[in-house]
Chemist: 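A single structure is presented below for examination.
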Amino acid sequence: MALNRKIEELREKKKQILLGGGEKAIEKQKAMVKRTARERISALVDKDSFMEFDLFIEHDARDFDMDKKSLAGDGVIVGSGTINGSPVAVYAQDFTVAGGSLGMMHSRKITKIMDYALKMRMPLIGINDSGGARIQEGVNSLAGYGEIFFRNTISSGVIPQISVILGPCAGGAVYSPALTDFVFVVDNISKMFITGPEVIKTVLGEEISMEDLGGARVHSELTGNAHFFASDEEECFAQIKKLLTFIPRNNRNGAIAVEAREPDGKFDPEKIVPDDPTLPYDVRDVIRAVVDKSDFFEIMEMYARNMVIGFARLGGVTAGFVANQPQEMAGVLDVDSSDKAARFIRFCDAFNIPIVTFMDLPGYLPGVDQEHAGVIRHGAKVLYSYCEATVPKITVILRKAYGGGYIAMGSRHLRADFVFAWPSAEIAVMGPEGAANIIFRKEIMSSDDPEETRGKKVEEYRKKFANPYVAASRGYIDAVIEPGETRACLLHAIKATAGKTVKMIDKKHGNPPF
Ligand code: HXC
C-alpha cells in the first residue's frame with residue numbers, strides 16, 4: 001500500500017474513534033450540560049499542546065456479548081500537554097462510551113499515564129465521569145481500581161494529583177479522588193458516593209436524590225471531600241489553571257516565583273481587627289492586606305469555615321496560609337477544621353511551600369458532640385502536621401492565643417521559625433473571664449459584691465496575661481509588631497528561611513493520628 005493510502009487509513013481509523021460513543025450518546029451528554037471528554041481536555045490544556053496516547057487501545061472482554069462490541073478508546077482519553085506552559089498528564093473518562101465504565105484496558109490506560117506522570121515528575125489531572133467498575137469485566141475492573149489506588153498512594157507527595165469530578169464517580173471509584181491532593185466539583189454535574197440512592201432505598205428504605213446524597217454542594221459544605229466548587233465546567237477549569245500557578249510541578253522543584261507585587265491597598269491591617277476582643281472580623285482581609293496583589297486563592301471555602309486555608313504570594317513566592325476565622329464560631333479548632341488544616345499543612349510541607357499561620361482562636365470547641373466525634377484524635381493531626389513540617393513556618397498571633405489552640409496553631413514550641421505578635425495578642429492558658437472565675441473563685445464568692453469583684457479580677461488577669469509581653473519576655477515570640485509592619489516582617493521571614501535545612505531523625509515514616 002502506498003504511503004498516502006496508509007495515511008488515509010490512519011485518518012479513517014482515528015476518525016471513527018474520535019466519534020466516541022456516537023452522536024446519540026454525545027447528545028445525551030450535552031443534555032446534561034456536560035462537555036465531552038475531548039472538549040474538556042481542550043478547555044483545560046494550552047491550545048494545541050495535547051498529545052494523546054493509546055488511542056487504539058481495545059478491550060478484550062468476551063462475556064455478555066462484549067466480544068461483539070468495540071468501545072472507542074475503551075472509554076478514556078489519556079495523554080500529556082501543558083497548562084500555563086508547564087507539562088501535565090491528563091486522563092478524562094468518556095461517559096459516551098459505555099458510561100465511562102472502567103474495564104481492564106481502560107484502567108491500563110490510566111495507570112500508564114499515572115506511571116508516566118510520576119516518572120516525568122509532572123502533575124496528574126484525572127477527569128472522572130464514569131458509571132464505575134465495568135460490570136461485564138468483573139474482577140478485572142476491580143483489579144484496575146486497585147492498581148490506580150496504589151499509584152495514587154505512591155505518587156502522593158511526589159507530584160500534585162488533581163481530581164475533577166464531572167459526572168458520576170460511584171462506589172469504590174471514589175477512593176482515587178479521595179487519595180489525591182485536590183478535588184474539583186461542579187454544581188449539578190458532580191456526583192460522588194459509595195452506595196447510590198437505589199442501594200440505600202433497598203437496604204434502608206430511605207429515598208434520596210443523587211444530588212442530595214453526593215452532589216457538589218454536599219461535598220463542598222458537608223463532607224469536606226471537595227476542595228473547589230464551581231458553578232460550571234468553564235469556571236472549574238479556570239480554578240485548576242489558577243491552582244497550578246501556585247504549586248510546583250513536583251516535590252523537587254519549588255513553585256515558580258513570579259514578579260513581586262504590592263497589595264492593592266484596599267485592606268488596611270490596622271483597621272481590620274476590632275478593639276473589642278469579643279467582636280468578629282474576616283481574617284481573609286488580614287491575608288489580603290499583606291499578600292501580593294491582595295490575591296488570596298482560598299481552598300475549601302465552603303467547608304469548616306472557622307479555618308481558612310489557601311495560597312497567596314509574598315514577594316512573588318508562593319506561601320500556604322492557615323488562619324483561624326474569628327467570624328465563624330470565633331475561629332475555634334474542631335474536628336473538621338483540624339482535618340482541613342492538617343492535610344493542607346502536609347501538602348505544603350511535601351511540596352516545599354512555606355506555611356504562614358495567622359492565629360486568633362479561643363481554643364478547641366467544647367462539647368459532648370466534639371468529644372465523641374473524636375476531637376482529641378482529629379485535633380492531634382494539626383499538632384502532628386505542624387511538628388513534622390520542615391518547610392519555613394511563620395506565625396503571626398493577631399489576637400487570641402489560648403490554651404491548646406495557642407500551641408497547636410504553629411507556635412514556637414512546634415518549631416515555628418518566626419513568631420510575630422500584634423499588640424492586640426492575648427497569649428494565656430485561657431481567656432480572662434474563664435481564668436478569673438477559676439483562680440479567684442473563693443475571693444469572688446466571699447466578697448460583698450461578687451460581680452464587681454469578678455470584673456476587677458478579670459481586668460487584673462487581662463492586664464497581667466492577656467497580652468503578648470509575657471510570651472515575648474520568654475522568647476516564645478520573636479517580635480511584637482505593629483499590624484502595618486506585618487508584610488515587611490513576612491517578606492523578611494520568607495527571604496531569611498529560603499535556605500532552611502532540617503535533618504529529621506531517620507525513620508521509615510511516622511504514624512500520624514489519621
Ligand atoms: C458497564 C455501564 C456501567 C457499568 C453505566 N454503564 N455504568 N456499563 N458497567 N458500571 C453503561 C450503561 O449500560 C449504558 O450503556 C451507558 O453506560 C450509560 O448509562 P445510563 O445508565 O444510560 O446513564 P445514566 O442514566 O446517566 O446513569 C448513569 C449511572 C448509571 C447513574 C452511572 O449508569 C448507573 O447507576 N450505573 C451503575 C453504577 C454502578 O453501580 N457501578 C458499579 C459501582 S461499584 P448503553 O449501552 O445502554 O448506552 C464499583 C466498584 C469499584 O465501581 C470498586 C473499587 C475498589
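First listed ligand is number 1; within each ligand, the first listed atom is number 1.
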Chemist: Once the angle between the rings of F297 and F228 is folded into 0 to 90°, is it parallel (under 30°), tilted (30 to 60°) or perpendicular (over 60°)?
Modeler: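 The rings of F297 and F228 lie parallel, inter-plane angle below 30°.
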
Chemist: Considering only heavy atoms, which protein residues lie less than 4.0 Å from any atom of ligand 1?
Modeler: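 Its neighbours under 4.0 Å (heavy atoms only) are K28, F95, A98, G99, S101, G131, G132, A133, R134, I135, Q136, L142, Y145, F149, P168, A170, G172, A173, M210, given by chain and number.
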
Chemist: On the ring face of F237, is R40 found with NZ or CZ under 6.0 Å from the centre and within 45° of the axis?
Modeler: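 R40 over F237 ring: no.
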
Chemist: With K34 as the cation and F95 as the aromatic partner, state whether NZ or CZ is under 6.0 Å from the six-membered ring centre and within 45° of the axis.
Modeler: yes

Chemist: Could you report the tightest heavy-atom contact between V76 and I110, atom names first, then the distance?
Modeler: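 Answer, listing the atom of V76 first, then I110: CG2-CG1, 4.0 Å.
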
Chemist: Could you measure the distance from the CZ atom of F296 to the CZ atom of F311? Nearest 0.5 Å is fine.
Modeler: 9.5 Å

Chemist: Does Y364 have any ring-ring contact (aromatic ring centres under 6.0 Å, His included) partners at least two apart in sequence or in another chain, and if so, which?
Modeler: none

